[in-house]
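Working notes, structure below.
Below, each value reflects all heavy atoms present in this structure, side chains not excepted, and no hydrogens, waters or symmetry copies.
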Amino acid sequence: MISIHRAEYHQKATLRNLIELYKYDFSEFDPDDVNENGLYDYMYLDHYWTEEDRHPYFIRVEGLLAGFVLIREVGQIDRTIIYSVAEFFVMKKYREQGVGQYAAVELFNKYRGFWKVAQIESNIPAQIFWRKTIERYTNDNYQEIREVDWEGPIQTFSTVT
């Protein structure tokens, strides 16, 4: 059984550890290096408990940690909140099993609004995953755009009914 759960403040260290795995996994696409302590040290972690527009979630499979999702509110269009997937991670052993798609759909359903899901240009696996997931979720009713301040595709769609 796949489930998502809001990450509570007392679980911040667990999320920090998973983010280290994510950043390592992502290092083939990202030029960031570890610091002198051998850590990537995600600079926005504390913001997920100090800013109301950030939402941290764990992904679990059969009760075991399988990944996380970090959601941000990045603005509004006509009083409708714009949500963004800031970070999304499913551990390799749980990929290709519908875990990521399940988590994405649950959060799209939970946070009704306008969505922007961006991938960096070099991360082709993420582009394939998000295009397929969003195409299925929206019944192919989404747009793919480019923005000046981002190098890669961005899928946009609405979950407002």
Side-chain angles (χ1 to χ4, degrees), residues 1-8 11-35 38-45 47-48 54-74 82-147 150-159:
M1 180 174 110
I2 305 165
S3 60
I4 60 166
H5 307 277
R6 189 166 185 93
E8 301 299 333
Q11 298 171 307
K12 184 170 77 168
T14 301
L15 183 56
R16 177 181 289 116
N17 293 340
L18 286 175
I19 289 173
E20 288 297 317
L21 296 175
Y22 161 71
K23 293 289 284 180
Y24 170 75
D25 193 51
F26 195 66
S27 68
E28 67 182 295
F29 307 111
D30 187 358
D32 287 349
D33 285 310
V34 295
N35 62 25
L39 300 171
Y40 290 98
D41 202 24
Y42 186 71
M43 64 189 289
Y44 302 107
L45 180 63
H47 298 252
Y48 282 86
R54 294 179 186 256
H55 312 283
Y57 285 89
F58 288 124
I59 303 169
R60 294 184 176 270
V61 174
E62 304 300 333
L64 302 173
L65 286 169
F68 67 87
V69 184
L70 301 179
I71 303 293
R72 289 185 56 219
E73 297 174 23
V74 295
I82 303 168
Y83 295 101
S84 173
V85 177
E87 314 292 348
F88 189 92
F89 176 62
V90 175
M91 294 189 324
K92 286 185 178 186
K93 74 182 277 181
Y94 297 110
R95 293 180 192 167
E96 305 293 328
Q97 299 175 34
V99 173
Q101 191 168 73
Y102 177 90
V105 166
E106 287 293 304
L107 291 168
F108 294 157
N109 286 339
K110 180 175 182 61
Y111 293 97
R112 295 294 182 171
F114 188 75
W115 281 85
K116 293 172 81 172
V117 183
Q119 306 88 52
I120 63 172
E121 196 72 61
S122 59
N123 193 344
I124 303 302
Q127 292 175 38
I128 292 167
F129 168 79
W130 284 112
R131 285 178 181 133
K132 182 170 67 171
T133 299
I134 292 167
E135 180 180 314
R136 286 181 183 166
Y137 180 78
T138 65
N139 197 26
D140 203 23
N141 187 18
Y142 73 98
Q143 291 184 316
E144 189 163 289
I145 64 170
R146 300 275 176 156
E147 292 182 346
W150 183 258
E151 292 186 30
I154 304 168
Q155 294 81 34
T156 64
F157 60 98
S158 175
T159 59

- For Asp41, check side-chain hydrogen bond (donor to acceptor under 3.5 Å, both in side chains) against everything at least two apart and list the hits. none
- Enclosure of Glu151 CD (heavy-atom neighbours >12, cutoff 6.0 Å): no
- Query: Can Trp115 and Val85 be said to form a side-chain contact (heavy atoms from CB on, under 4.5 Å), step by step?
  - Reply: CA-CA 8 Å; Trp115 281 85; Val85 177; 3.7 Å; yes
- Message: If the condition is salt bridge (charged side-chain N to carboxylate O under 4.0 Å, His left out), which residues does Glu121 pass it with, not counting sequence neighbours?
- Response: Arg146
- Distance col, row Ile134:CD1 vs Lys132:NZ, nearest 0.5 angstrom, shows 12.5 Å
- Item | Residue pair Glu144, Arg131: steps toward the side-chain contact (heavy atoms from CB on, under 4.5 Å) verdict | CA-CA 9 Å; Glu144 189 163 289; Arg131 285 178 181 133; 2.8 Å; yes
- Message: Please enumerate all residues that pass salt bridge (charged side-chain N to carboxylate O under 4.0 Å, His left out) together with Lys116, with sequence neighbours excluded.
- Response: Glu147
- Item | side chain to side chain contact (heavy atoms under 4.5 Å, CB included) partners of Asp33, counting only residues at least two apart | none
- By side chain to side chain contact (heavy atoms under 4.5 Å, CB included) - contacts of Ala66 (at least two apart): Ile59, Val61, Tyr94
- Query: What is the minimum heavy-atom distance between Phe58 and Ala7, and which atoms define it?
  - Reply: CE1-CB, 3.6 Å
- Is the backbone of Glu8 close enough, under 3.5 Å, to the side chain of Gln11 for a donor and an acceptor to pair up by distance? yes
- Query: Any side-chain heavy atom of Asp25 sitting closer than 4.5 Å to one from Met91?
  - Reply: no
- Message: Measuring from atom NZ of Lys93 to atom CD of Gln97, what distance do you get when rounded to the nearest 0.5 angstrom?
- Response: 9.0 Å
- Item | Shortest non-hydrogen contact from Ala118 toward Ile154 | CB-CG1, 3.6 Å
- Message: Within a 6.0 Å radius of atom CG on Asn109, are there more than 12 heavy atoms belonging to other residues, nucleotides or ligands?
- Response: yes
- Item | salt bridge (charged side-chain N to carboxylate O under 4.0 Å, His left out) partners for Glu73, two or more places apart | none
- Query: Judged by atom type as modelled, is there a donor-acceptor pair below 3.5 Å linking the side chain of Thr159 to the main-chain atoms of Tyr111?
  - Reply: yes
- Query: Could you state the interatomic distance from CD (Gln101) to CD (Glu106), rounded to the nearest 0.5 Å?
  - Reply: 11.5 Å
- Query: Can you find a heavy atom in the side chain of Leu15 that is under 4.5 Å from one in the side chain of Leu70?
  - Reply: yes
- Query: Does Phe88 have any ring pair (Phe, Tyr, Trp, His ring centres under 6.0 Å) partners at least two apart in sequence or in another chain, and if so, which?
  - Reply: Phe129, Trp130
- Item | Partner residues of Arg54 under the salt bridge (charged side-chain N to carboxylate O under 4.0 Å, His left out) criterion, sequence neighbours left out | Glu51
- Item | Minimum heavy-atom distance between Thr133 and Ala104, given as atom pair plus value | CG2-CB, 4.0 Å
- Does the ring center of Tyr42 lie less than 6.0 Å from the ring center of Tyr44? yes
- Residues passing the side chain to side chain contact (heavy atoms under 4.5 Å, CB included) test with Asn141, sequence neighbours excluded, are Thr138
- Message: Going by the rule side chain to side chain contact (heavy atoms under 4.5 Å, CB included), which residues pair with Ser84 if we only count those two or more places apart in sequence or in a different chain?
- Response: Val74
- Query: Partners of Phe89 by ring pair (Phe, Tyr, Trp, His ring centres under 6.0 Å), sequence neighbours excluded?
  - Reply: Tyr22, Phe68
- Query: Yes or no on side-chain contact (heavy atoms from CB on, under 4.5 Å) for Gln155 and Gln143, after CA distance, side-chain angles and deciding distance?
  - Reply: CA-CA 6 Å; Gln155 294 81 34; Gln143 291 184 316; over 6 Å; no
- Task: Starting at CG of Leu65, measure out to CG of Leu18 and round the result to the nearest 0.5 Å.
- Result: 5.5 Å
- Message: For the CZ atom of Phe29 and the CG atom of Asn123, what is their distance to the nearest 0.5 Å?
- Response: 4.0 Å
- Task: Could you tell me whether a side-chain N or O of Glu20 sits under 3.5 Å from a main-chain N or O of Tyr40, the two making a donor and an acceptor?
- Result: yes
- Phe157 and ring-ring contact (aromatic ring centres under 6.0 Å, His included): which partner among Tyr83, Phe108, Tyr142? Phe108
- Of all residues at least two apart in sequence or in a different chain, which pass the side-chain hydrogen bond (donor to acceptor under 3.5 Å, both in side chains) check with Asp32? Lys23
- Is there a donor-acceptor pair closer than 3.5 Å between any side-chain N or O of Arg95 and the backbone N or O of Val90? yes
- Message: With heavy-atom distances below 4.5 Å as the criterion, would you say the side chains of Ile4 and Val69 are in contact?
- Response: no
- Task: First locate atom CG of Leu107, then atom CD1 of Ile71, and finally report the distance between them rounded to the nearest 0.5 Å.
- Result: 5.0 Å
